[in-house]
Amino acid sequence: MSETATRAGARHRHAFDLPGYLRDRAAAVNRALDRFLPGATTKPATIHKAMRYSLFAGGKRMRPALCLAAAEACGGSLRDALPLACAVECIHTYSLIHDDLPAMDNDDYRRGKFTNHKVFGEGMAILAGDALLTQAFEIAAQCKGRPRYPHRDVVLELARAAGSLQLIAGQVADLEGEGKKISGDELRYIHERKTAALLCCSARLGGMSANCTSAQLKALTGFGYNVGLAFQIIDDILDLTQTTEQLGKTAGKDTRAQKATYPAIVGLEQSRRIAGQLTGRAFAALKIFKGKAAALEALAIFLLQRDR
Ligand code: GRG
């Protein structure tokens with residue numbers, strides 16, 4: 001871990017009740033998602049059951065937490081940020097359902113349960129992913145437009161992060177890179193798009209919901225980008241070092257699929273060091289908030305030190 005991240009980590013262990021914060025924010029997000037989504041018995045019931053199955057399967061809700069914490073750092077309210085926190089979680093869950101399909105990573109477990117296609121079949125899982133992606137935009141359209149960020153900007157932000165230049169571009173490069181030797185630069189291209197884009201978008205949307213200044217938005221962008229890159233490196237480390245039970249998804253898949261990862265290219269220790277440096281940079285980006293971004297700081301440390 002970098003020195004900045006280590007010092008901040010020690011300070012935060014005493015200063016901020018992150019478990020309590022995450023519990024509280026995840027409960028608010030779950031209640032809001034439950035309100036936004038059609039009920040499980042609404043016709044056609046199978047699709048609504050499938051959407052809810054993955055959405056409420058026990059995800060960590062890290063993207064919504066980043067969105068809400070960013071809004072708070074900018075003086076915004078939970079109520080204004082909640083629709084956007086829910087929208088990013090719908091996009092994230094859609095991407096996981098599709099990523100697990102036989103045509104992609106072909107996985108049986110996600111969030112400690114059978115994957116969507118294992119329970120509902122491939123056709124329904126594809127539709128559940130499609131429906132969650134669409135649902136995200138329906139929810140985002142219900143947020144309050146802000147003077148600096150009208151609805152158009154919010155929709156653009158989400159569409160760009162989820163589109164063929166970001167999230168999908170990362171997945172394309174990831175699929176095409178399997179079994180090939182790729183460079184560190186190519187690996188970063190994948191991580192920036194597959195993972196960092198949506199995490200960064202989550203933080204930015206939180207700021208936008210609070211009508212943040214352009215300097216605050218720039219700071220949240222730097223924070224989200226660096227936390228996002230660190231997040232994927234840690235994910236690759238956990239894939240190697242944890243069990244399937246601990247992760248709630250199949251461990252060791254990257255090696256079996258011959259995926260390029262930081263641990264595969266530079267080893268475990270160097271990967272940990274790089275993740276620590278990125279977290280240090282994320283911290284540095286928060287300076288502008290002058291101590292009012294305690295939740296964001298605690299989240300960055302948590303994401304670096306997480307074990308699942
Ligand atoms: C459009 C067909 C089609 C597919 C899209 C874009 C995409 C498929 C997949 C990318 C999804 C992916 C695996 C991204 C990597 C990011 C990552 C490490 C996700 C896991 O996030 P966590 O740990 O998961 O936050 P939980 O379950 O806790 O929410």
Side-chain angles (χ1 to χ4, degrees), residues 22 25-26 29-30 33 53-67 85-86 88-107 109-117 122-123 125-134 136 158-178 187 189-202 224 227-240 242 244 246-251 253-254 257 259-262 275 299 302-308:
L22 288 176
R25 298 307 184 271
V29 167
N30 290 343
L33 281 170
Y53 173 81
S54 291
L55 201 53
F56 295 110
K60 295 186 289 297
R61 305 292 194 232
M62 285 301 123
R63 292 150 193 83
L66 284 174
C67 178
C86 291
V88 285
E89 186 63 22
C90 286
I91 291 180
H92 169 57
T93 305
Y94 126 77
S95 80
L96 298 180
I97 294 174
H98 280 192
D99 189 53
D100 291 334
L101 286 168
M104 301 249 177
D105 263 8
N106 192 18
D107 224 315
Y109 298 101
R110 172 70 70 177
R111 295 178 162 171
K113 294 171 113 179
F114 278 124
T115 42
N116 201 288
H117 65 271
E122 264 184 72
I126 292 170
L127 290 171
D130 293 342
L132 282 169
L133 175 60
T134 313
L158 266 181
R160 284 189 176 136
S164 65
L165 297 179
Q166 294 293 329
L167 181 65
I168 294 190
Q171 183 74 353
V172 169
D174 198 40
L175 276 178
E176 291 182 342
E178 274 180 30
L187 186 58
Y189 172 96
I190 294 175
H191 287 191
E192 281 173 349
R193 284 155 186 80
K194 186 177 85 164
T195 310
L198 198 55
L199 286 156
C200 186
C201 164
S202 305
V227 158
L229 289 179
F231 187 94
Q232 185 59 56
I233 296 176
I234 297 298
D235 205 71
D236 291 348
I237 293 174
L238 294 177
D239 181 73
L240 273 179
Q242 303 293 92
T244 298
Q246 281 163 322
L247 294 180
K249 60 183 179 181
T250 315
K253 281 213 75 172
D254 294 342
K259 280 208 177 165
T261 63
Y262 270 86
L299 272 165
F302 172 77
L303 292 176
L304 181 69
Q305 296 176 343
R306 70 197 171 100
D307 58 10
R308 74 175 187 102

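Sequence positions, counted from 1, serve as the residue numbers for this chain. Note that ligands are numbered from 1 as they come in the structure, with each ligand's atoms numbered from 1 the same way.
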Protein contact to [atom] [nearest heavy atom, distance to 0.1 Å]:
{"atom": "atom 3 (C) of ligand 1", "value": "His98 ND1, 3.6 Å"}
{"atom": "atom 20 (C) of ligand 1", "value": "His92 CE1, 3.9 Å"}
{"atom": "atom 10 (C) of ligand 1", "value": "Gln171 OE1, 3.3 Å"}
{"atom": "atom 11 (C) of ligand 1", "value": "Ser95 OG, 3.5 Å"}

Just checking, is any N or O donor in the side chain of [X] or [Y] under 3.5 Å from an acceptor N or O on the other one?
{"X": "Asp254", "Y": "Thr261", "answer": "no"}
{"X": "Asp99", "Y": "Gln171", "answer": "yes"}
{"X": "Asn30", "Y": "Arg61", "answer": "yes"}

> Closer than 4.0 angstrom: is that true for some heavy atom of Met104 and an atom of ligand 1?
Replying inline: yes
> Does Arg63 reach ligand 1, in the sense of a heavy atom lying below 4.0 Å from it?
Replying inline: yes
>> With respect to Lys249, determine whether any N or O atom, backbone or side chain, lies less than 3.5 Å from an N or O atom of ligand 1.
In response: no
Which ligand 1 atoms are under 4.0 Å away from a heavy-atom of [X]?
{"X": "Asp99", "result": "9 (C), 13 (C)"}
{"X": "Lys60", "result": "22 (P), 23 (O), 24 (O), 25 (O), 26 (P), 28 (O), 29 (O)"}
{"X": "Tyr94", "result": "1 (C), 5 (C)"}
{"X": "Leu167", "result": "6 (C)"}

> Passes side chain to side chain contact (heavy atoms under 4.5 Å, CB included), Glu192 versus Leu229? Steps please.
Replying inline: CA-CA 6 Å; Glu192 281 173 349; Leu229 289 179; 3.8 Å; yes
> With a cut-off of under 6.0 Å to the ring centre and 45° to the axis, is Arg306 in cation-pi contact with Phe231?
Replying inline: yes
>> Would you say CZ of Phe114 has more than 12 non-hydrogen atoms from neighbouring residues, nucleotides or ligands within 6.0 angstrom?
In response: no
> Going by an N to O cut-off under 4.0 Å, is there a salt bridge joining Asp235 and Lys249?
Replying inline: yes
>> Between Asp239 and Lys253, does any side-chain N to carboxylate O distance fall below 4.0 Å?
In response: no
> Is it the side chain (CB and beyond), the backbone, both or neither of Asp235 that lies under 4.0 Å from ligand 1, heavy atoms counted?
Replying inline: side chain
> Where's the contact between Lys194 and ligand 1, heavy-atom distance under 4.0 Å: side chain, backbone, both or neither?
Replying inline: both
> What are the two closest non-hydrogen atoms of Ile91 and Ala136, and how far apart are they?
Replying inline: CG1-CB, 3.4 Å
>> I'd like the name of whichever of Arg111, Met62, Gln232 reaches closest to atom 29 (O) of ligand 1 through any heavy atom.
In response: Arg111
